[in-house]
Asks: 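Structure in structure tokens, see below.
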Amino acid sequence: MAFEINTKNNIRDRFKCAPRPEIWKDTEPKDWNNWVWQQQKRIKSMEVLEKVIAVTDEERGAFAQSHDMFNMGITPYYASLIDPNDPNCPIRLQSVPKAGELNILPTELEDPLGEEADMPVPGITHRYPDRVLFYTTHNCPVYCRHCTRKRKVSDPSSSAANKQLEESLAYIEAHKEIRDVVISGGDPLSNSDDRLEYILSRLRAMEHIQIFRLGTRNLVTLPQRITESFANMLKKYHPVFIHTHFNHPKECSQEAFDACARLADAGCVINNQMVLLKGVNDDPKTVLELNHKLLMMRVRPYYIFQCDQAQGISHFRTPIETGLKIIESLRGWTSGMAVPHFVIDGPGGGGKIPLLPKYLLKREGNKWTFRNYKNKEYVYIDTSEPGSVETIASEKK
Ligand code: SF4
């Protein structure tokens, strides 16, 4: 029997292209789809932003007062995802300054993760024994208003010049205990392909280095950056893991879908690290939709981060309970692959601490009582404990 193959079930068709705002209506596709053009045309001023969205007085004031501390930068592509008439659009909240940024709480820290304290040479954070964070640029296509590294991101004076790059590589080469390198920034994909390949080739030549991770938001903010030639270049240096940062289902466009497909087809494993942000994704329905879309894009929901103690982001912070409720709403109700780890970064350098709803209800000797996702109780007898099997047998008599 011949089986007829249905070819009308392309999952890509479920993702929509970003709509093109009027200001770029006549832009040639060769420009719009070119990541260098997108970088060059980033929105950095209110004059241009006013041509794309209906800017509010609050946003205008916040831009004027925050500009010296943390730049605004929005790619035309990411701006096209903004609802021009909704001041609470989740894409807009992440990319356009708000008055909340000017409010610095006494509990907030310039370096909330204590990355500078664990810096043996400029450009390397070496906190855990077998892995390092390697800064390669200060630049990002979009300056996310909730960024943890506001202290250096967007500041050209913090850029990793070639001398610093060589010192960082020399440090990694000298430390044979390092097996995993997180290449970061800013966004490392702001580097040219040649510079990135130089870094990857130097690292791959080191016997003790096993894996690399590229921490990048380009899949979200500038998917045009993921060209065929870039993806093909990565193939030479596997295993390469991509850690990206989708925060809302609106970011899952067809352009983003294609960028993820190019990387997945090239053999990269893609993980998502969502940050929990008030007004953006602090409800179970949004996170569920995001995670389902990510899986269709071959991206594994990996972490949900509690918003850290970086300065000027208190307007984004949610109660810890919110994250726990979101995990509770996912676990058991959808595929385990769609349930990320909810973590909080210990302020000042404590590392990632996992947070879980309470599923263990009590322990009586070798009897452990748990509840499942529907709140039904289950008892597990731990027979690995000495004498437990004999006790059960005598109880049964
Ligand atoms: S892409 Fe990452 S490093 Fe760059 S501004 Fe956004 S959160 Fe910060």
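These numbers were taken from a predicted model, which means no experiment stands behind them. When a ligand or atom number is given, it counts from 1 through the structure's own listing order.
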Asks: Find out if a path of hydrophobic residues (ILVMFWY) with successive side-chain heavy-atom gaps under 4.5 Å connects Ile320 to Ile353.
Replies: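 Both belong to a single hydrophobic cluster.
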
Asks: How many angstroms lie between NZ in Lys278 and CG in Asn281, if you round to the nearest 0.5 Å?
Replies: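 Interatomic distance, Lys278 NZ to Asn281 CG, rounded to 0.5 Å: 12.5 Å.
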
Asks: Does Thr221 approach ligand 1 within less than 4.0 angstrom via side chain, backbone, both or neither, non-hydrogen atoms only?
Replies: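 The answer is neither; Thr221 stays 4.0 Å or more away.
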
Asks: Which pairs count as ring-ring contact (aromatic ring centres under 6.0 Å, His included) when at least one residue sits in residues 39-70, sequence neighbours excluded?
Replies: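 Passing the test, one end in residues 39-70: Phe63-His67, Phe70-Tyr143.
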
Asks: Check whether any protein heavy atom sits under 4.0 Å from atom 2 (Fe) of ligand 1.
Replies: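 Given the 4.0 Å cut-off, atom 2 (Fe) of ligand 1 does not count as touching protein heavy atoms.
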
Asks: Is there side-chain contact between Gln311 and Pro112, with at least one heavy-atom pair below 4.5 Å?
Replies: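 SC-SC contact between Gln311 and Pro112 ruled out.
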
Asks: Quick one: give me the number of protein N/O/S atoms under 2.8 Å from atom 8 (Fe) of ligand 1.
Replies: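 Every protein N, O or S atom under 2.8 Å from atom 8 (Fe) of ligand 1 counted, the figure is 1.
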
Asks: What pairs of residues pass the ring-ring contact (aromatic ring centres under 6.0 Å, His included) test when at least one of them lies in residues 243-271, not counting sequence neighbours?
Replies: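 Listed by first then second residue: Phe15-Phe257, His146-His245, His243-Tyr302.
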
Asks: For Tyr135, which residues count as a side chain to side chain donor-acceptor pair (under 3.5 Å) partner, sequence neighbours excluded?
Replies: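 So Tyr135 forms a side chain to side chain donor-acceptor pair (under 3.5 Å) with Glu115, Thr125.
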
Asks: Whether Arg217 and Asp187 form a salt bridge (side-chain N of Lys/Arg under 4.0 Å from carboxylate O of Asp/Glu) is what I want to check.
Replies: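 Answer for the salt bridge query: no.
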
